[in-house]
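Structure first, then comments.
Numbering of residues begins at 1 and proceeds along the displayed sequence. All values reported here derive from a predicted model rather than from experimental measurement.
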Amino acid sequence: MNFLKRIQLSKIALHWGLVCILCALISAGCDKSSNPSNPTPNPNQKTQGTNPQVASQKFEAELKTFCTSHHLFPKPDVLPRWAWKKEITKMYDLVKTMGFEEGLPDQAQALAYFQTRAPEQLERPKSQFQLGPGKLDKLNKLYVKSGSWTPDPAVSHISFHKLLTPTKGYDLIACDMRHGKIFAQPLYTQRTTILTLARVPHPARVEVIDFDKDGRLDLLVSDLGSFLPGDHDKGQALWLQRTPEGKFKTHVLLNKVGRVADVQAADVDGDGDLDLSVAEFGWRMGGRVLFLRNEGFKADGSPELKLEVLDPRPGAIRVPFVDINGDGKLDIVTVLSQHHERVVAYLQNESGQFQLKELYVAPHPEWGYTGIEVVDLDRDGDIDILLTNGDTLDTSVLKPYQGIQFLENLGDLKFKEHPQQQLPGAHGLEVIDVDGDNDLDVIASAFLPQFPVERARKPLNLESLIWLEQTEPWKFNRFSLETINCDHPTIAALDYDNDGDIDIVSGNYALKPEVLGGISAYWVLYKNEAKK
């Protein structure tokens with residue numbers, strides 16, 4: 001029985017999985033509510049008639065049995081002591097609300113287990129801003145907004161493309177999740193002009209591609225369907241077709257699904273049209289990895305798509321096409337967040353079907369994956385994997401194990417983990433030759449929207465933008481470009497003005513402006529003046 005079938009059969013025992021989420025702290029956008037109705041247990045209280053040591057060992061074994069049948073068991077030291085009460089209460093409330101109380105371990109004992117073993121506080125992250133910007137020491141920061149400024153944006157994705165007038169130069173294309181807009185800023189004009197290309201309820205990401213191969217660039221949009229997380233069927237995948245007049249006509253490719261975080265396109269089967277991969281992130285209950293096989297275009301111009309479910313688990317963030325095993329066929333690679341926290345490949349076989357293969361599992365379910373890039377980082381001819389794990393929206397804890405993770409492809413789908421670069425809140429990731437020495441470097445940004453500037457960011461001098469100079473394969477010099485402004489879930493880098501140096505842009509995202517303060521620009525353009 002293959003792995004995917006085992007996953008599907010495990011859904012029959014769904015209540016066991018829900019029991020286990022008390023240990024699998026759901027990440028990537030959980031709500032912050034909790035119901036502290038249960039008092040903190042006294043860890044020194046003895047169980048009547050039972051040897052307390054034996055009882056503790058028995059309970060620990062039961063707890064681990066529940067959890068390890070679905071995921072790695074979280075060590076108590078992944079969270080500070082104070083955070084466990086909120087998390088355990090939240091998880092028990094969820095399980096009880098859903099009616100799966102049979103066999104549930106005792107809540108007070110579970111809380112005592114984690115609290116008595118957890119540290120008072122986690123180790124504080126160490127700012128490395130004192131290292132300075134290195135060769136990127138001439139960045140001119142431009143804070144971009146327009147005359148029709150809509151305050152407190154939530155820019156979830158930004159990228160450089162020659163979209164509107166390709167012969168003139170690059171545009172910045174961005175999604176605003178809060179206000180439901182897809183923007184373009186032409187970078188070849190003297191004044192700041194921000195155009196609204198389309199309105200989508202809550203766009204998470206936009207890909208620029210000629211989907212119908214008519215010579216005009218279109219937009220593939222992933223729509224979460226809601227600004228706040230939730231289990232619903234409002235998510236959708238959209239094709240915004242560029243018309244001869246330069247407008248965008250909306251085609252719904254997929255709807256009535258959970259929150260959609262990414263849509264990618266490639267001609268997988270070699271029939272001349274573009275197929276689609278879809279990351280249906282979902283939330284707690286919903287979510288899948290999907291493949292939409294393109295079987296041609298209908299008379300009205302819309303594609304005929306056949307849906308295939310590759311993985312029934314929630315939490316997929318991105319779904320790029322890449323030949324991960326070097327057999328000449330395109331595969332799909334994703335990172336599953338939530339409590340799964342693992343890298344998964346869907347390998348295309350000789351018959352054109354996809355088979356699931358797990359490539360890497362994170363150390364624990366609190367790891368908090370936020371992004372993935374698949375690229376030949378060491379330029380040895382195979383595809384490596386770079387990951388960010390910086391989600392803090394679940395517990396609002398600065399975690400020293402967050403940052404940028406490197407997985408080197410050793411061949412035969414074996415990967416070697418290299419030392420991680422610490423960066424709390426790591427979200428944005430870009431791989432590009434920053435310094436022009438013909439190897440690939442890394443730029444990363446931090447997203448810590450719920451940590452106040454005066455009480456957290458400034459005292460710790462938290463970094464918001466860094467770059468890693470690759471000096472030899474898998475060896476990096478680290479440099480800091482910015483601190484404090486940790487509101488960047490997305491970045492892009494390119495020499496957009498063709499002056500011989502790399503420019504950077506970071507999207508700004510205001511999570512709760514009424515509580516944490518607003519943001520004064522859609523995005524920040526770090527224009528590199530090194531060659532002037």
Side-chain angles (χ1 to χ4, degrees), residues 28-29 153-159 173-184 196-212 217-243 247-266 273-295 297-298 300-321 332 334 336-338 489-490 509:
V155 176
S156 55
H157 182 230
I158 196 164
S159 56
I173 310 299
C175 298
D176 186 337
M177 269 181 56
R178 172 175 280 109
H179 300 114
K181 295 180 180 180
I182 298 176
F183 292 123
T196 299
L197 302 182
R199 293 183 179 273
V200 173
H202 300 282
R205 190 176 179 90
V206 59
E207 294 292 328
V208 178
I209 192 167
D210 184 2
F211 183 59
D212 55 356
L217 289 174
D218 311 308
L219 306 176
L220 287 178
V221 181
S222 48
D223 177 21
L224 292 170
S226 65
F227 182 67
L228 297 177
D231 287 314
H232 54 65
D233 62 354
K234 300 176 183 178
Q236 54 184 346
L238 304 174
W239 167 35
L240 304 187
Q241 181 187 28
R242 189 82 181 274
T243 67
K247 304 296 184 180
F248 289 92
K249 178 182 178 181
T250 301
H251 298 264
V252 178
L253 303 175
L254 180 70
N255 64 357
K256 296 183 179 180
V257 295
R259 297 188 300 156
V260 177
D262 189 30
V263 183
Q264 301 276 329
D273 51 33
L274 295 176
D275 310 295
L276 301 170
S277 59
V278 178
E280 183 190 358
F281 185 95
W283 192 35
R284 290 171 170 168
M285 295 295 295
R288 298 170 294 177
V289 176
L290 306 173
F291 177 66
L292 301 181
R293 195 176 297 275
N294 193 340
E295 299 186 336
F297 287 83
K298 295 180 286 189
D300 64 358
S302 61
E304 185 76 42
L305 301 174
K306 179 182 177 183
L307 185 148
E308 301 172 21
V309 178
L310 305 186
D311 199 322
R313 294 175 290 184
I317 296 173
R318 289 194 61 204
V319 279
F321 288 100
I332 300 170
T334 193
L336 295 178
S337 60
Q338 304 296 65
T490 177
Y509 192 114

State, to 0.1 Å, how close [X] and [Y] come at their nearest heavy-atom pair, and which atoms those are.
| X | Y | value |
| --- | --- | --- |
| P203 | S156 | O-OG, 3.1 Å |
| T334 | A316 | OG1-CB, 3.7 Å |
| L310 | I332 | CD1-CD1, 3.7 Å |
| D231 | W283 | OD1-CB, 3.3 Å |
| A204 | C175 | C-SG, 4.3 Å |
| A265 | L276 | CB-CD2, 3.7 Å |

Under a 4.5 Å cut-off applied to non-hydrogen side-chain atoms, are [X] and [Y] in contact?
| X | Y | value |
| --- | --- | --- |
| Y509 | V155 | no |
| M177 | H157 | no |
| P201 | K234 | no |
| I209 | L217 | no |
| F281 | S337 | yes |
| I182 | T196 | no |
| V278 | L254 | yes |

Under 3.5 Å: donor-acceptor pair, side chain of D218, backbone of R242: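 Between the backbone of R242 and the side chain of D218 there is a qualifying donor-acceptor contact (under 3.5 Å).
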Expected output: side-chain Q264 to main-chain S277 donor-acceptor under 3.5 Å: no
Sequence-distant partners of F248, ring-ring contact (aromatic ring centres under 6.0 Å, His included), two or more places apart: none
Listed partners of F183 passing ring-ring contact (aromatic ring centres under 6.0 Å, His included), at least two apart: Y522
Stepwise side chain to side chain contact (heavy atoms under 4.5 Å, CB included) check, D311 with L336: CA-CA 10 Å; D311 199 322; L336 295 178; 4.1 Å; yes
Rounded distance (nearest 0.5 Å) linking atom NZ of K249 with atom CD of Q241: 6.0 Å
Nearest-0.5 Å distance, CG of residue D275 to NZ of residue K306: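 One gets 11.5 Å once the value is rounded to the nearest 0.5 Å.
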Whether [Y] and [X] form a salt bridge (side-chain N of Lys/Arg under 4.0 Å from carboxylate O of Asp/Glu) is what I want to check.
| X | Y | result |
| --- | --- | --- |
| R293 | E295 | no |
| D300 | K298 | no |
| D176 | K181 | no |

Identified side-chain contact (heavy atoms from CB on, under 4.5 Å) partner of W239 from the options V252, D212, L219, T250: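 Per the side-chain contact (heavy atoms from CB on, under 4.5 Å) rule, the option paired with W239 is D212, out of V252, D212, L219, T250.
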D223: which of H202, R259, Q236 passes side chain to side chain donor-acceptor pair (under 3.5 Å): Q236
From CA spacing to verdict: side chain to side chain contact (heavy atoms under 4.5 Å, CB included), L305, N294: CA-CA 5 Å; L305 301 174; N294 193 340; 4.0 Å; yes
Criterion salt bridge (Lys or Arg N to Asp or Glu O under 4.0 Å) on R205 and E207, from CA distance to verdict: CA-CA 7 Å; R205 190 176 179 90; E207 294 292 328; 2.9 Å; yes
Test log, rule side chain to side chain contact (heavy atoms under 4.5 Å, CB included), inputs L238 and L220: CA-CA 6 Å; L238 304 174; L220 287 178; over 6 Å; no
Worked verdict on I173 versus I158 for side chain to side chain contact (heavy atoms under 4.5 Å, CB included): CA-CA 6 Å; I173 310 299; I158 196 164; over 6 Å; no
